[in-house]
Amino acid sequence: MIRTMPSNNLIFLIFRCTLVITFFNFPTTIAQNEDRVYFEYLNCSANRRSLTSTYQKNLITLFSSFTSNASAKLFFNTTILGRNSTVYGMFMCRGDIPLRLCKQCVANATEKLSTGPECNHSIEAMMGYAECKLRYSNVPFFSIVATSPAYLLTNPSYVSNSTISFMIFLRNTMNRTAEAAADSEARFSTKEANLSHSQTLYALAQCTQDLSPQNCRTCLAKAIERLPTCCDGNQGARLVFPSCNIWYEMYLFYGLITNNPPKRLDPSPGFSSSSSSCSRDLEI
Ligand SMILES: *[C@@H]1O[C@H](CO)[C@@H](O)[C@H](O)[C@H]1NC(C)=O
Ligand SMILES: *[C@@H]1O[C@H](CO)[C@@H](O)[C@H](O)[C@H]1NC(C)=O
Ligand SMILES: *[C@@H]1O[C@H](CO)[C@@H](O)[C@H](O)[C@H]1NC(C)=O
Ligand SMILES: *[C@@H]1O[C@H](CO)[C@@H](O)[C@H](O)[C@H]1NC(C)=O
Ligand SMILES: *[C@@H]1O[C@H](CO)[C@@H](O)[C@H](O)[C@H]1NC(C)=O
Ligand SMILES: *[C@@H]1O[C@H](CO)[C@@H](O)[C@H](O)[C@H]1NC(C)=O
Ligand SMILES: *[C@@H]1O[C@H](CO)[C@@H](O)[C@H](O)[C@H]1NC(C)=O
Ligand SMILES: *[C@@H]1O[C@H](CO)[C@@H](O)[C@H](O)[C@H]1NC(C)=O
Ligand SMILES: *[C@@H]1O[C@H](CO)[C@@H](O)[C@H](O)[C@H]1NC(C)=O
């Protein structure tokens, strides 16, 4: 299916995902060959017919530099120069995952981009998994804050009492997490905060590393601003922009990739659209 992507990146994308994402309990230890990556969204430009063969060649070069670099780093951006066929590309893996999972995620993504029916030979594309996201374009986008399209998943459980004070608590915790991420070299941070004796809030924030600390702060602040509307009272949510993302839950969900039973996340009704990449059931 052909998808369009506006070059100004200003339109806030709304997803209507009819899918139900079901998380199964993970075994407490997962062998290396049992690692899985979880596809979330794909957004490709429609103007693939105007692709020149040199641009296509540059895409192939880009994808192979993605896969080779993903075994060494969690973030990578590159420019493949060409006469009227320059391509800019980057991938980012979640800051708390091992490189082997990053590599697998990027490999999975580039394969889908190059041979899948959705995007092959698109001039530009954005793609996200729970573990990594990729983006390429013929227009330079490094260092620029992009907050659209947005992708949202919410935990369907709600905090049981005092939503207002929870949202304030969430905002403050997210703010501290975001500030720490912006100031860190990796543009990544996690924090936890005790809501009560028995309840702990876990928060994660990450920007793509091409962003300056100030731009990272700007991007994350825009994500945090959306929390009261997107996620009022939700016990967990993941809001993903091209340039940054935030995630919070009332259980430990980061850092323990091999010992991490995620709970159910539903796409939020507020974020909907007809996205074929979202319209099938995913098993997670
Ligand atoms: C891609 O993004 C554009 C605008 O941001 C939107 O119109 C289109 O539906 C998106 N495609 C998918 C598959 O989400
Ligand atoms: C990363 O990609 C670049 C091309 O952009 C390539 O020259 C380099 O060898 C790659 N690095 C690794 C570790 O594969
Ligand atoms: C670059 O490619 C586009 C699309 O194929 C074409 O319209 C344009 O004239 C080309 N520009 C140059 C400088 O060759
Ligand atoms: C990509 O991930 C899906 C789902 O986890 C899996 O079925 C597929 O084999 C993977 N492909 C690659 C190339 O890793
Ligand atoms: C995508 O790639 C497959 C195989 O590589 C090819 O059969 C198919 O026609 C391509 N689709 C588009 C839209 O280019
Ligand atoms: C919310 O409920 C929990 C128990 O579920 C309780 O410990 C806590 O004090 C309550 N908080 C408020 C603000 O009512
Ligand atoms: C939260 O409470 C636990 C004990 O209930 C304590 O060990 C932990 O240090 C507290 N964490 C924070 C961030 O205050
Ligand atoms: C990667 O992004 C930075 C901006 O943060 C930019 O200065 C640099 O040129 C990019 N690297 C490549 C190889 O394009
Ligand atoms: C955190 O809060 C401070 C004070 O309200 C604000 O100036 C800053 O922009 C916030 N940072 C983020 C990333 O939201």
Side-chain angles (χ1 to χ4, degrees), residues 9 55 58-59 61-70 72-82 85-93 95 106 124 126 133-147 150 166-231 237-256:
N9 279 328
Y55 194 79
N58 284 351
L59 281 184
T61 307
L62 177 74
F63 295 156
S64 87
S65 79
F66 275 178
T67 45
S68 64
N69 278 273
K73 42 191 112 153
L74 296 176
F75 174 83
F76 175 67
N77 71 322
T78 191
T79 306
I80 313 289
L81 292 167
S85 62
T86 296
V87 54
Y88 305 87
M90 72 162 65
F91 71 74
M92 181 192 93
C93 289
V106 170
E124 42 185 357
M126 293 186 201
K133 58 187 176 194
L134 284 81
R135 186 178 174 192
Y136 72 80
S137 177
N138 61 332
V139 179
F141 59 85
F142 303 143
S143 309
I144 299 169
V145 175
T147 58
F166 174 74
M167 292 312 284
I168 292 168
F169 185 80
L170 172 63
R171 188 188 177 88
N172 291 339
T173 306
M174 266 302 169
N175 180 284
R176 289 191 294 115
T177 313
E179 292 291 331
D183 289 337
S184 75
E185 194 72 29
R187 303 281 185 271
F188 173 78
S189 181
T190 59
K191 292 219 180 287
E192 52 184 83
N194 289 332
L195 182 57
S196 69
H197 291 311
S198 55
Q199 292 176 303
T200 304
L201 175 67
Y202 298 87
L204 177 156
Q206 185 169 18
C207 295
T208 60
Q209 281 175 42
D210 58 312
L211 294 192
S212 65
Q214 191 45 50
N215 281 349
C216 176
R217 196 168 281 116
T218 301
C219 187
L220 291 171
K222 285 184 176 169
I224 294 168
E225 260 168 35
R226 292 234 171 101
L227 287 174
T229 38
C230 75
C231 312
R238 204 157 102 67
L239 179 52
V240 181
F241 292 155
S243 295
C244 67
N245 49 270
I246 57 174
W247 191 356
Y248 73 90
E249 298 286 355
M250 300 297 291
Y251 62 90
L252 183 57
F253 64 91
Y254 47 73
L256 295 171

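All ligand and atom numbering here is 1-based and tracks the order in the structure. As the structure is a computational prediction, the values presented were derived from the model and not from experiment. What you see below is based on every heavy atom in this structure, not just the backbone, and it leaves out hydrogens, waters and symmetry mates.
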Quiz item: Can an N or O of Gln209 be found at a distance shorter than 3.5 Å from an N or O of ligand 8?
Solution: no
Quiz item: Between Cys219 and Cys244, is the SG-SG gap less than 2.5 Å?
Solution: yes
Quiz item: Out of Leu204, Leu239, Thr177, which one pairs with Ile246 under the side-chain contact (heavy atoms from CB on, under 4.5 Å) rule?
Solution: Leu239
Practice problem: Around atom 1 (C) of ligand 8, find the nearest protein heavy atom and jot down its residue, atom name and distance. | Solution: Asn77 ND2, 1.4 Å
Quiz prompt | For atom 3 (C) of ligand 9, closest protein heavy-atom neighbour | solution = Asn175 ND2, 3.6 Å
Practice problem: Would you mind listing which atoms of ligand 9 come within a distance below 4.0 Å of any non-hydrogen atom of Ala178? | Solution: 13 (C)
Quiz item: Who gets closest to atom 13 (C) of ligand 7 by heavy atom: Gln199, Glu192, Lys191?
Solution: Glu192
Practice problem: Below 4.0 angstrom from a heavy atom of Ser143, which ligand 8 atoms are there? Numbered from 1 as shown, please. | Solution: 4 (C), 5 (O)
Exercise. Do me a favour and list the nearest non-hydrogen protein atom to atom 8 (C) of ligand 7 with residue, atom name and distance?
Key: Asn194 ND2, 3.7 Å
Exercise. Using a distance threshold of 4.0 Å (strictly less than), state whether atom 5 (O) of ligand 9 has a protein heavy-atom neighbour.
Key: no
Quiz item: With atoms numbered from 1 as shown, which atoms in ligand 8 lie under 4.0 angstrom from a non-hydrogen atom of Thr79?
Solution: 12 (C), 13 (C), 14 (O)
Practice problem: Taking only heavy atoms of Glu179 into account, list the atoms of ligand 9 that are under 4.0 Å away from them. | Solution: 1 (C), 8 (C), 10 (C), 11 (N), 12 (C), 13 (C)
Quiz prompt | Phe91 side chain near Lys133 side chain, heavy-atom distance below 4.5 Å | solution = no
Quiz item: What's the verdict on side chain to side chain contact (heavy atoms under 4.5 Å, CB included) for Leu227 and Arg171, showing C-alpha distance, side-chain angles and the deciding distance?
Solution: CA-CA 8 Å; Leu227 287 174; Arg171 188 188 177 88; 5.9 Å; no
Quiz item: Counting each atom of ligand 9 from 1 as listed, which ones have a heavy atom of Arg217 under 4.0 Å away?
Solution: 13 (C)
Quiz item: Do the numbers put Arg187 on top of the ring of Phe75, so that NZ or CZ is under 6.0 Å from the six-membered ring centre and no more than 45° off the axis?
Solution: no
Quiz item: If we ignore angles and hydrogens, is there a donor and acceptor under 3.5 Å between the side chains of Asp210 and Ser143?
Solution: no
Quiz prompt | Contact bool for atom 10 (C) of ligand 9 (protein heavy atom, d < 4.0 Å) | solution = yes
Quiz item: Would you say Val87 and Leu59 make side-chain contact, with heavy atoms under 4.5 Å?
Solution: yes
